[in-house]
Chemist: 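To start, I am sharing the structure in question, which I have written as structure tokens.
Just so we're on the same page: letters track the sequence lines, and every chain starts at 1.
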There are 2 protein chains.
Amino acid sequence: MQLSNSSQYAIRILAYMADNKDSKLLNATELAKTLYIPYKFLTKIMTELVKSGLVVSIRGRDGGYKFEKKTSEIMVSDILAIFNDSIKNEQCVLGIGFCNGLCKCALHDQWIEPKHLLQKMFQESSLEDIAGKGCKI
Amino acid sequence: MQLSNSSQYAIRILAYMADNKDSKLLNATELAKTLYIPYKFLTKIMTELVKSGLVVSIRGRDGGYKFEKKTSEIMVSDILAIFNDSIKNEQCVLGIGFCNGLCKCALHDQWIEPKHLLQKMFQESSLEDIAGKGCKI
DNA sequence: AATTAATTCTACCTTTAAGTAGTATTTATA
DNA sequence: TATAAATACTACTTAAAGGTAGAATTAATT
């Protein structure tokens, strides 16, 4: 019952970038060291974030990463979507394919509320909201 | 963000057994067919449930499985514990080791409420509670 | 033009979860 | 006692996630 490593790392990376968005470009070496994320895995994740349009990369010497969009416009749910970690409405806690009002699983009713809270937490938290909150390591 | 297949299957199996606890023993072949769970995987899970003391097995011809404890005394959280799927208090949604009041992650505050609801859902749902509720396939 | 420091690409390796196969063991019944 | 039908054990295979390696590409600086 937890997010994939990729999603967790991506959120931490972007939250750290949001903390430091006024500084210069942030590069992979610095991010990996600061956040204790394996360098090669981090670059793989960053490339995904670039392809998804959340971040732009500047290649070559003195290159690095910066935001493509405003941090107030990037929601945590956007990040989860990139790594197929979104919580869908139809997701059943017991993994039954079509768990709905007609054919619902044994925990269907109890699952609705926490599911909605999770969706709300991810959909309503922007990077601006969480910037500066807590430590990132 | 979901339970392991083993946990999902185990809950569905035990919920079905709770639905039918007054009948004869239930055997692996029947359970696998009824619940559309791969037979060999189901027997592996059942052996875990037997070792954990939730279920007893009767070997040999006409054998099968039945509950060891009362269904009112088996909580969904007990099942999750067997498959290392419990939601711990200290579990951080961003995977940071020691996310607490002092050093908390960017989503720490938002995560508390859904986490508690999930824990509550699992800790307060007994097999008796969910027996008869919904379909099990 | 060469060097250096950065991202990107392709391919691979490792670990874990998920699932399968085959055999051994157990026990009721004919 | 032989047979049939059940669980249990050991070992293996497959698929997906997590992570790594090395070369290619890019661009600023000397």
Chemist: Counting distance only, does the side-chain N/O of A:Asn27 pair as donor-acceptor with the main-chain N or O of A:Glu30 below 3.5 Å?
Modeler: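 Side chain of A:Asn27 to backbone of A:Glu30, a donor-acceptor pair under 3.5 Å: yes, one is there.
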Chemist: Under a 3.5 Å distance rule, please check whether B:Asp19 uses its side chain to pair with a backbone N or O of B:Tyr16 as donor and acceptor.
Modeler: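 Checked: no pair found.
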Chemist: Estimate the overall bend of the helix from C:dA1-D:dT30 to C:dA30-D:dT1 from the end axes over five pairs each, rounded to 10 degrees.
Modeler: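 Axis-to-axis angle, ends of the helix: 20°.
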Chemist: D:dA6 phosphate, OP1 or OP2: any side-chain N/O from B:Tyr39 under 4.0 angstrom?
Modeler: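 Checking D:dA6 against B:Tyr39, no side-chain N or O comes under 4.0 Å of OP1 or OP2.
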Chemist: Under the side-chain hydrogen bond (donor to acceptor under 3.5 Å, both in side chains) rule, collect the residues that match up with A:Ser125, sequence neighbours excluded.
Modeler: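 If we apply the side-chain hydrogen bond (donor to acceptor under 3.5 Å, both in side chains) test to A:Ser125, skipping adjacent residues, the hits are B:Gln110.
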Chemist: Given D:dG18, C:dC9, C:dA18, which nucleotide is nearest the side-chain atoms of A:Thr47?
Modeler: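 Taking heavy atoms from C-beta onward, the closest nucleotide is C:dC9.
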Chemist: DNA chain C: A:Gly63 or A:Lys44, which has the more 5' nearest nucleotide?
Modeler: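 In this pair, the answer is A:Gly63.
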Chemist: Are any of the side-chain nitrogens in B:Glu124 or B:Lys120 under 4.0 Å away from the carboxylate oxygens of its partner?
Modeler: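 Yes, this pair counts.
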Chemist: B:Asn5 side chain N/O closer than 4.0 Å to the phosphate oxygens (OP1, OP2) of C:dA18?
Modeler: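 Yes, within the criterion.
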Chemist: Please tell me if A:Asn27 has a side-chain N or O lying less than 4.0 Å from either OP1 or OP2 of C:dT7.
Modeler: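 For A:Asn27, the contact criterion (side-chain N or O under 4.0 Å from OP1 or OP2 of C:dT7) is not met.
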Chemist: Using atom CD1 of A:Ile37 as one end and atom P of D:dA17 as the other, report the distance to the nearest whole Å.
Modeler: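 Rounded to whole Å, this separation is 19 Å.
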Chemist: Just N and O in the side chain of B:Ser57: are any of them under 4.0 Å from OP1 or OP2 of D:dT7?
Modeler: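 Checking D:dT7 against B:Ser57, no side-chain N or O comes under 4.0 Å of OP1 or OP2.
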Chemist: State whether the number of non-hydrogen atoms from other residues, nucleotides or ligands found under 6.0 Å of A:Lys69 atom NZ is greater than 12.
Modeler: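 Yes, NZ of A:Lys69 has more than 12 neighbouring heavy atoms, counting only those of other groups under 6.0 Å.
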Chemist: Can you find an N or O donor on one side and an acceptor on the other, under 3.5 Å apart, linking the side chain of A:Lys40 with the base of D:dG18?
Modeler: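 Result: no qualifying N/O pair found.
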Chemist: Kindly point out which of C:dG22, C:dC9, D:dC9 is positioned nearest to the side chain of B:Lys51?
Modeler: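 Taking heavy atoms from C-beta onward, the closest nucleotide is D:dC9.
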Chemist: Closest to the B:Arg61 side chain: C:dA28, C:dT8, D:dG18?
Modeler: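 Within the option list, the nearest is C:dA28.
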Chemist: Between B:Ala28 and A:Arg59, name the one whose nearest nucleotide on DNA chain D is closer to the 5' end.
Modeler: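 Of the two residues, B:Ala28 wins.
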Chemist: Just to confirm, is there a sub-4.0 Å distance from OP1 or OP2 of D:dG19 to any side-chain nitrogen or oxygen of A:Tyr9?
Modeler: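 For A:Tyr9, the contact criterion (side-chain N or O under 4.0 Å from OP1 or OP2 of D:dG19) is met.
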Chemist: List the steps and the verdict of side chain to side chain contact (heavy atoms under 4.5 Å, CB included) for A:Lys66 and A:Leu26.
Modeler: CA-CA 7 Å; A:Lys66 66 178 179 184; A:Leu26 294 167; over 6 Å; no
Chemist: Test of understanding: clusters of I, L, V, M, F, W, Y form through side-chain heavy atoms closer than 4.5 Å, transitively. Do B:Ile45 and B:Met75 belong to the same one?
Modeler: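 No, B:Ile45 and B:Met75 fall in different hydrophobic clusters.
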